[in-house]
Enquirer: 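Starting off with a structure, shown below.
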Amino acid sequence: MSGGTGRPAVGAAPRQGVTGEAALGAGGPTAVPPETAAPVEPIAVVRGEPLLEPPKDLYIPPDALEVILEAFEGPLDLLLYLIRRQNLDILDIPIAEITRQYIAYIEMMRGLRLELAADYLVMAAVLAEIKSRMLLPRPAPEEGEEEDPRAELVRRLQEYERFRRAAEALDALPRMERDHFPARAEPPEAGPPPLPRATLRELLLALQEVMRRAAQRARHHVTLEPLSVRERMSEILAVLAPGRFVPFQALFRPEEGRLGAVVTFLALLELVRESLAEVVQREPFGPIYLTAPRGAPEEADGPGAA
Amino acid sequence: MDREQLKRIVEAALLAADRPLSLDRLLGLFPEPERPSRELLRALLAELAEACAGRGVELKEVASGWRYQVRRELAPWVGRLFEERPPRYSRALLETLALIAYRQPITRAEIEEVRGVAVSSHIIRTLLEREWIRVVGHKEVPGRPALYGTTRQFLDHFGLRSLGELPPLAELVDPPPEAAGALPPEEGSKAPEDGEEKRSGPGATLH
Amino acid sequence: MDREQLKRIVEAALLAADRPLSLDRLLGLFPEPERPSRELLRALLAELAEACAGRGVELKEVASGWRYQVRRELAPWVGRLFEERPPRYSRALLETLALIAYRQPITRAEIEEVRGVAVSSHIIRTLLEREWIRVVGHKEVPGRPALYGTTRQFLDHFGLRSLGELPPLAELVDPPPEAAGALPPEEGSKAPEDGEEKRSGPGATLH
């Protein structure tokens, strides 16, 4: 494995720039002490944002600026970016160097007034903690049980990278509506298509929903008469027609008893109140008729009016 | 572009489209340099139609263009696909229907007022065609809008003998927090007994 | 019923349906005496698939059954039929989806732990609305967070028959020896080997 190979233990003696810059190939000035990588001043304004000079020893490819601005999916993503950019061994991260670069990026992003998720700051703390543990003298590796302070971070980075790649692989799969389209032919015309069905439950849920919304708007109070009255109103309307005079008594059904009579009477009152029916009486104490107001439909004598 | 590739694209487009494609529409799939002539396209369509011989679908020219369609003689089998899965109505339609059932006679404007959104003509037409609602009169206000009510067919479909068997509104309008679970489990089930009593008294029926 | 007629019906049904059809669904098109055996049906499907050679469409088996689909290489032309560009999904959404696909059942907190960053509710809602994921249960920890898993529609959409056909997850490079021993067991998640094999069926591996 790579752990025990040539690379000296990192962290024991921070040597700035050794691994990082060699791989980066950034020709610029070097040897900025790690601790002074930040802060920096704005040097320009790009798209309305103040642009900071990047830390001198940190090469940011121009196209990467966009990447930094928009596309990091979190601290692990940023760390992986730093590691991969420099072809570092993920299993043997030069933690001091990476920490410094990470913090420099964070500072820059804050300088650009990017909203930094708290997760980025947590990671900075994690890195600093690992760095300090790496500086402690390590006990002799007798048992092989001793824990590399970086182990947990390495595990998380690897785990995240697996899924980052899995996401790319998923995106590369041919998928419907982008790479494939369903092929359909016109179905045969075999009689009328089946009509949708609805259940009472659906109906009630729909009503409940609409009433809930109406109550939320609360502009008007929805009053609901007893059903039977509304229903009877419909029935009476169905028998009424302009020019047709229906005897008052004919609207009542003896078999319904008193309650039925009350319902019918309430329905009549409501119809009259709403100007949907007119009460006509030609002479005092003469028979009372009901009729539809002028202009009402004449075909209202539907099958539902039993 | 070679002829076979053109043909593949035309076939694929006709099968991917959800409506017949006109010659112009098909030509529009090809950017200028590779666009076939109309004559070539017609020839390709004729070849594709011939290639359907003996298959389950055919390529037909209809008024608005070309389309693949299932052969009529296969309808007895293919039609079974659709028997098993009747479509469902939208929530907007069900809400409209529910309001008509409980608030009849009611105008479209009144439905809209309660629902807080416009009721599409399509919904009203669907309900009328389905014969679940009908125009029971006209309201004497400017414009004389139609008043809608439900029908016998409506009652039949929902397994009700009368509107009185619909669950009482009070329970629906002011549901206790857990009331959703208390709704009747399935269609055709009757309103709870006590609900009926509250409304119409024991033994009383209005029909 | 002769073989050619059976094949015609199967082809027509697959083209008439608006979703993939399973073997059972296809068998259900045939009343008892004329119903083909499953073996015969499979053979017919294989023949229909072969008959697509050189054509614009192909017959593909996905999780919920068989469907005809436009060949991928024709998408540049056929895609012009549709005004809407296919949606592009953000990395955040794809990473979240990948975690759910490979690690299901998984909670939002577990996703966040791997990604190192909060998962927006918008992403979860988008995935739920697309019906690519669903709540498959609740984890028995405080708060009983939802456990997410992928759906058939997810597999269908990505042209997969099962989770076993997902691209293999990258191998973990062995950590340095001293770190290896110290790796904590993955909290919260079940042992990867067992779980994944159970999911994807015999012979299928996710690694």
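Please read these numbers as outputs of a predicted model, since none were measured by experiment. Here is how names work: the chains are called A, B, and so on, in the same order as the sequence lines, proteins then strands, and each is numbered from 1.
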Enquirer: Using distance alone, with no hydrogens and no angle criterion, decide if A:Gln86 and A:Glu97 have a side-chain donor and acceptor under 3.5 Å apart.
Expert: no
Enquirer: Which atoms of A:Arg164 are under 4.5 Å from chain C, going by heavy atoms: the side chain, the backbone, both sets, or neither?
Expert: both
Enquirer: Looking at chain A, which one of C:Leu74, C:Val70, C:Leu81, C:Thr96 has the largest number of heavy-atom pairs inside 4.5 Å, strictly under?
Expert: C:Val70
Enquirer: Side chains of C:Gln5 and C:Arg8 only: does a donor on one sit below 3.5 Å from an acceptor on the other?
Expert: yes
Enquirer: If you count heavy atoms of other groups shown closer than 6.0 angstrom to CZ of A:Arg84, is the number above 12?
Expert: yes
Enquirer: Is C:Glu73 close to chain A through its backbone or its side chain, or both, or neither, when contacts mean heavy atoms under 4.5 Å?
Expert: neither
Enquirer: Is C:Val57 close to chain A through its backbone or its side chain, or both, or neither, when contacts mean heavy atoms under 4.5 Å?
Expert: side chain
Enquirer: C:Glu110 and salt bridge (Lys or Arg N to Asp or Glu O under 4.0 Å): which single residue from C:Lys139, C:Arg103, C:Arg115 fits?
Expert: C:Lys139
Enquirer: Would you mind checking if C:Arg91 and A:Asp171 are paired as a salt bridge, meaning a charged N to carboxylate O distance below 4.0 Å?
Expert: no
Enquirer: Highest number of heavy-atom pairs under 4.5 Å with chain C: which of A:Arg165, A:Glu161, A:Glu177, A:Met176?
Expert: A:Met176
Enquirer: Among A:Leu82, A:Ile130, A:Ile103, which one satisfies side-chain contact (heavy atoms from CB on, under 4.5 Å) with A:Ile98?
Expert: A:Leu82
Enquirer: Heavy-atom cut-off 4.5 Å, strictly under: side chain, backbone, both or neither for C:Arg67 against chain A?
Expert: side chain
Enquirer: Picking from C:Gly56, C:Ala92, C:Gly159, which has the most non-hydrogen pairs under 4.5 angstrom with chain A?
Expert: C:Ala92
Enquirer: Can you tell which part of C:Leu160 gets under 4.5 Å to a heavy atom of chain A, answering side chain, backbone, both or neither?
Expert: side chain
